[in-house]
Amino acid sequence: AREAARRAQCMNNLKQLSLGMLNHESQMGHFPTGGFFPSGTGGWWIGEPDRGFGNQQYAGWFYNILPFIEQQAVHDLGAGKSDAERRALWTEQVAKPIATANCPSRRPPRTYGLGWYTNVNYWQNINMPTGLAKIDYAVNSGSTTHRWWAGDYSDHTGISYATSLITMADIRDGASNTYAVGEKYVNPNAYQSGEDPGDDNGMYGGHDWDIARYTYYDASNPAASYIPRQDQPGVSYATSFGSAHPSGFHMAFCDGSVRMISYSIDPLIHSWLGNRKDGQAIDSSKF
């Protein structure tokens, strides 16, 4: 009964996040961008309100939908202020949780550790934080292999990735056949510490596997595929969707619906659902 209640809350979180994405698309003309970063990886550049919502915004999907999930004040923190003021404000903010970002079956919304980055400062536009708020959900970046350092993302087939400006019209397979955002896999041994490579950063940065996942499938080498998984102690799959739920993982689709997906879903169908334009007709009974 407790797990059923937690699943219901998780589904509600994803419903709010997906509606935030849809409202963003409606008002801004595109789904939230995955972020822009002049050097290094996206996770180390925190969103800046003065950079707007386009492809020059450092931050990814979660930061950009904050105004659409009743978190306007968080999004606008530091607007119009000096670099030093903005850095100080956001150094504190990155440690403050937002309840909608956490699945109750996995962990409560609170500040978590910096993991192996405790003594290493890679942050670009904030000071070294003392802790981080974490997110248990990731956007669909497509059915390709994962990348967060390349300059060319033209092969990406999801709805949000570095410098993306994907519109609803770009989702040629239909909104009900395309993933928007869902639960991400995390190693349970690292829930608290931040020592999972797919969970070692916060939720306010740009394109990185902390906030973006893929549905890549390789028929010739299935072991290399990014299949969805239930969280497994001691094992990290930083590229995969997944969850702490025993029965499956939740995915929100681009029509705003949220569904529980079985871990045993055909990996090819899972891959198709991550591709907005592959032309595949998908029977919903298959997932």
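Quantities reported herein were computed from a predicted structural model and do not represent experimental measurements. Only this structure's heavy atoms are used, side chains among them; waters, hydrogens and symmetry mates stay out. We're numbering straight along the sequence, starting at 1.
- Clustering ILVMFWY residues whenever any of their side-chain heavy atoms sit less than 4.5 angstrom apart, transitively, puts Y204 in the very cluster that holds M21.
- Side chain of N140 to backbone of G274: a donor-acceptor contact under 3.5 angstrom is found.
- By the 6.0 Å contact criterion, NZ on K81 is open, its count of non-hydrogen atoms from other residues, nucleotides or ligands being 12 or less.
- Taking the six-membered ring where the residue is Trp, H24 and F68 present perpendicular rings, their angle passing 60° and hence far from 30°.
- For R259 and F253, the positive end sits near the middle of the six-membered ring, less than 6.0 Å away and at most 45° from its axis.
- Of the possible donor and acceptor atoms, none in the side chain of S271 sits under 3.5 Å from a partner among the backbone N and O of P267.
- Under a 4.5 Å side-chain heavy-atom criterion applied to ILVMFWY residues, the cluster that includes M260 comprises that residue alone.
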Next on the checklist: Show, in sequence, the C-alpha distance, side-chain angles and deciding distance for D136 and N13, and conclude whether the side chain to side chain contact (heavy atoms under 4.5 Å, CB included) test is met.
Outcome noted: CA-CA 10 Å; D136 292 324; N13 288 348; over 6 Å; no

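- Put simply, the side chain of S164 never gets that close to the backbone of T33: no donor and acceptor are under 3.5 Å apart.
- Checked by atom type and distance alone, the side chain of D76 never pairs as donor or acceptor with a backbone atom of A79 at under 3.5 Å.
- Rounding to the nearest 0.5 angstrom, the gap separating the SG atom in C254 from the CZ atom in R276 is 10.0 Å.
- Between the CD1 atom of I227 and the CG atom of D218 there is a distance of 12.5 Å, given to the nearest 0.5 Å.
- D170 places no side-chain N or O within 3.5 Å of a backbone atom of I166 that could act as its donor or acceptor partner.
- Within a 6.0 Å sphere centred on CG of N119, heavy atoms belonging to other residues, nucleotides or ligands number 12 at most.
- Remark: I171 CD1 to E25 CD distance equals 7.5 Å, nearest 0.5 Å.
- Side-chain contact between S141 and Y153: absent, with no pair of heavy atoms (C-beta onward) separated by less than 4.5 Å.
- Counting heavy atoms from C-beta outward, H270 and F241 have side chains that approach closer than 4.5 Å.
- At a threshold of 4.5 Å between side-chain heavy atoms, the hydrophobic network of Ile, Leu, Val, Met, Phe, Trp and Tyr places F62 and I126 in one connected group.
- For the atom pair CD of E48 and CZ of R87, the computed distance is 9.0 Å after rounding to the nearest 0.5 Å.
- Taking hydrophobic clusters as Ile, Leu, Val, Met, Phe, Trp and Tyr residues chained together by side-chain heavy-atom distances below 4.5 Å, I261 shares a cluster with L268.
- Clustering of Ile, Leu, Val, Met, Phe, Trp and Tyr side chains at separations under 4.5 Å places Y216 together with Y214, Y226.
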Next on the checklist: Working note: D196 + K184, criterion salt bridge (Lys or Arg N to Asp or Glu O under 4.0 Å); need CA distance, chi angles, decisive distance, verdict.
Outcome noted: CA-CA 12 Å; D196 183 314; K184 69 178 189 181; over 6 Å; no

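- By the salt bridge (Lys or Arg N to Asp or Glu O under 4.0 Å) test, D152 is found to be paired with no residue, residues two or more places apart in sequence or in another chain being considered.
- Between Y117 and Y122, the ring-plane angle classifies as perpendicular under the 30° and 60° cut-offs.
- No donor-acceptor pair closer than 3.5 Å links the side chain of N189 to the backbone N or O of P233.
- Tracing side-chain contacts under 4.5 Å through hydrophobic residues (I, L, V, M, F, W, Y), one never reaches Y137 starting from Y112; they form parts of separate clusters.
- Using a 4.0 Å cut-off between a side-chain N of Lys or Arg and a carboxylate O of Asp or Glu, D199 and R107 qualify as a salt bridge.
- Contact of the M203 side chain with the I98 side chain is registered, since non-hydrogen atoms from C-beta on lie closer than 4.5 Å.
- For the side chain to side chain contact (heavy atoms under 4.5 Å, CB included) with F249, the qualifying choice from P228, S240, S262 is P228, the only one to do so.
- R86 places none of its side-chain heavy atoms less than 4.5 Å from the side chain of L89.
- The main-chain N or O of K134 is found under 3.5 Å from a side-chain atom of N102 such that the two form a donor-acceptor pair.
- Put simply, the side chain of W272 never gets that close to the backbone of D278: no donor and acceptor are under 3.5 Å apart.
- A distance-only check finds no donor-acceptor pair linking the side chain of S26 to the backbone of L22 [under 3.5 Å].
- Using a 4.5 Å heavy-atom threshold, the side chains of V139 and I159 count as touching.
- Looking at W116 and P197, their side chains come closer than 4.5 Å, going by heavy atoms from C-beta outward.
- Here the OG-CD distance, from S105 to E183, works out to 7.5 Å after rounding to the nearest 0.5 Å.
- One hydrophobic cluster, built from ILVMFWY side chains closer than 4.5 Å, holds both V74 and I211.
- In this structure, the side chain of R51 engages the main chain of Q56 through a donor-acceptor pair within 3.5 Å.
- Taking CZ of R7 as the reference point, atom NE2 of H250 lies at 6.5 Å (rounded to 0.5 Å).
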Item to check | Trace of the side chain to side chain contact (heavy atoms under 4.5 Å, CB included) decision for I69 with L17 | outcome: CA-CA 7 Å; I69 58 171; L17 295 174; 4.2 Å; yes

Checklist entry - Between Y63 and H75, does a ring-ring contact (aromatic ring centres under 6.0 Å, His included) hold up when you go through it step by step? => result CA-CA 7 Å; Y63 173 82; H75 176 275; 4.5 Å; yes

